[in-house]
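The next block holds one structure in the form of structure tokens; read it before the comments.
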Amino acid sequence: MSIPTSDSKRIPDRCSTIVWGSGDQTLVFLHYFGGAALSWQWVAAQMPDYRCVAINLPGFGGAPPLEQPSLSNYAAAIAAELERLKIENYTLVGHSMGGKIALQLAATCDRSPQHLVLIAPSPPSQEPMPDEEKARLLNNHPSIDNAEQTVKSATCKALSKEQHDLAIQTQMAIDRTAWRWWLLEGMNHSIVDRVSHLQMPITVLASKDDPAIPYRTIQTGVIDLIPNAHLISTQGVGHLLPLEATEWVVTQLRNLD
């Protein structure tokens with residue numbers, strides 16, 4: 001997977017990282033299941049005055065997989081990367097699967113974020129997914145046709161060719177161990193008991209037309225379970241908000257208190 005070199009740099013580690021921009025404020029981005037650090041490039045391109053740190057989670061975007069994948073071990077790997085980069089004061093932004101991992105990190109990491117932003121997040125309890133959809137994903141990876149179907153079913157607004165091609169590429173590159181762990185364990189692992197004690201401000205961004213994680217699930221499975229969570233919604237776009245509604249996402253990030 002190619003990495004831009006003109007205004008970014010790759011930092012090899014178990015969590016490989018791309019850094020864009022510069023500024024006093026640091027945003028740390030965790031991608032969705034099927035994505036990678038590069039999935040954030042369109043958001044970062046509109047925020048050059050921020051330091052945007054996008055992490056390839058282990059097993060995604062070419063980063064090596066964890067030997068024993070778990071929410072705790074993913075959070076520990078990210079915490080180690082933050083320590084290595086000497087990041088202390090930051091806003092953590094997690095999309096979908098990255099949202100659930102962000103919650104785990106915020107609840108357990110000594111370097112907890114100052115603000116937490118969850119974009120169409122996987123709920124801290126269990127993410128609903130029809131059995132036939134889970135079977136399709138488990139039994140057909142990696143497959144271009146499977147990736148095409150997944151991207152199509154997750155979006156409401158047409159992606160640009162560059163965005164579409166990247167979404168297919170990043171899904172095809174996911175390590176099999178990481179792929180199966182999320183579908184069989186990660187998305188079903190409840191951390192509700194941990195998130196109820198979070199103290200930092202939490203902003204949740206969601207689309208009322210999300211076909212992957214229904215808006216009702218965001219309300220009952222996220223907002224109702226996290227005391228500090230504040231919901232901001234949009235419509236007419238699907239699950240891949242950082243790609244489908246880049247400008248809207250950027251606006252919300254710039255408007256954080």
Side-chain angles (χ1 to χ4, degrees), residues 3-4 7-32 35-58 60-61 63 71-122 124 191 194-195 197-205 222 226-230 232 241-242 246 248-257:
I3 303 291
D7 59 351
S8 65
K9 56 183 178 179
R10 178 165 180 164
I11 306 169
D13 202 349
R14 184 166 293 278
C15 285
S16 61
T17 304
I18 305 171
V19 180
W20 291 281
S22 61
D24 295 334
Q25 299 185 62
T26 298
L27 303 176
V28 175
F29 295 96
L30 307 181
H31 58 78
Y32 69 100
L38 278 174
S39 304
W40 295 104
Q41 64 181 282
W42 292 278
V43 170
Q46 295 189 30
M47 306 189 76
D49 50 328
Y50 287 71
R51 185 187 185 204
C52 295
V53 179
I55 294 177
N56 280 310
L57 297 170
F60 297 81
L71 290 175
S72 295
N73 286 344
Y74 269 91
I78 298 165
E81 181 72 350
L82 295 177
E83 182 175 1
R84 194 180 70 80
L85 295 174
K86 297 180 173 58
I87 295 175
E88 295 183 353
N89 300 317
Y90 67 101
T91 293
L92 182 61
V93 185
H95 177 206
S96 194
M97 174 191 73
K100 188 167 190 173
I101 295 174
L103 284 168
Q104 174 74 27
L105 179 70
T108 60
C109 177
D110 291 337
R111 293 173 182 256
S112 58
Q114 294 176 308
H115 200 127
L116 184 58
V117 181
L118 308 175
I119 302 177
S122 178
I191 55 171
R194 295 182 181 275
V195 302
H197 304 297
L198 292 176
Q199 298 298 315
M200 75 283 292
I202 300 172
T203 300
V204 179
L205 307 181
V222 180
I226 306 175
N228 292 337
H230 169 62
I232 302 175
L241 286 165
T246 305
W248 182 78
V249 169
V250 168
T251 297
Q252 308 316 314
L253 293 176
R254 288 189 176 277
N255 287 341
L256 295 176
D257 294 334

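Put simply, the side chain of Gln252 does not reach to within 4.5 Å of the side chain of Thr203, judged on heavy atoms. Counting only heavy atoms from C-beta outward, the side chains of Leu57 and Ile78 approach each other to under 4.5 Å. Side-chain contact check for Asn228 versus Pro201: every heavy-atom pair is 4.5 Å or farther apart. Looking at Trp248 and Ile232, their side chains come closer than 4.5 Å, going by heavy atoms from C-beta outward. A 4.5 Å side-chain heavy-atom check between Met200 and Pro113 finds at least one atom pair inside the cut-off. Under the 4.5 Å side-chain criterion, counting only non-hydrogen atoms from C-beta, Leu85 is not in contact with Tyr90. When side chains are defined from C-beta on, Ser39 counts as touching Tyr32, because their heavy atoms get closer than 4.5 Å.
One finds the NE2 atom of His230 at 12.5 Å from the CD1 atom of Ile202 (value rounded to the nearest 0.5 Å). Here the straight-line distance linking atom CG of Leu38 with atom CH2 of Trp20 works out to 5.5 Å at 0.5 Å rounding. Taken from OG1 in Thr246 to CD in Gln46, the straight-line distance is 6.0 Å, to the nearest 0.5 Å. The distance from the OG1 atom of Thr91 to the OH atom of Tyr50 is 8.5 Å, given to the nearest 0.5 Å.
The closest side-chain donor-acceptor pair between Glu81 and Thr17 falls under 3.5 angstrom.
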Sequence neighbours left out, cut at 3.5 Å: what donor-acceptor pairs do the side chains of residues 93-105 make with other protein atoms?
unit_1: His95; atom_1: NE2; unit_2: His239; atom_2: O; d: 2.9
unit_1: Ser96; atom_1: OG; unit_2: His239; atom_2: NE2; d: 2.7
unit_1: Lys100; atom_1: NZ; unit_2: Pro123; atom_2: O; d: 3.4
unit_1: Lys100; atom_1: NZ; unit_2: Ser125; atom_2: O; d: 3.0
unit_1: Lys100; atom_1: NZ; unit_2: Gly186; atom_2: O; d: 3.2
unit_1: Lys100; atom_1: NZ; unit_2: Met187; atom_2: O; d: 3.2
unit_1: Lys100; atom_1: NZ; unit_2: His189; atom_2: O; d: 2.7
unit_1: Gln104; atom_1: NE2; unit_2: Ser72; atom_2: OG; d: 3.4

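Other residues, nucleotides and ligands contribute over 12 non-hydrogen atoms within 6.0 Å of the CZ atom of Arg111.
Not counting sequence neighbours, the partners of Asp49 by the side-chain hydrogen bond (donor to acceptor under 3.5 Å, both in side chains) test are Arg254.
The shortest heavy-atom contact between Asn56 and Gly61 is OD1-CA, 3.5 Å. For the pair Ser112 and Ala106, the tightest heavy-atom approach, listed with the atom from each and the gap, is CB-O, 3.9 Å. Smallest separation of non-hydrogen atoms from Phe29 and Cys52: CE1-CB, 3.7 Å. Closest of all the heavy-atom pairs between Ile87 and Thr26 is CG2-CG2, 4.3 Å. The minimum heavy-atom distance linking Leu205 with Leu241 is given by the pair O-CD1, 4.0 Å.
Applying the ring-ring contact (aromatic ring centres under 6.0 Å, His included) test between His31 and each of Trp40, Tyr74, Phe60 identifies Phe60 as the sole match. Paired with Val117 under the rule side-chain contact (heavy atoms from CB on, under 4.5 Å), one option of Leu92, Val204, Leu256 passes, and it is Leu256.
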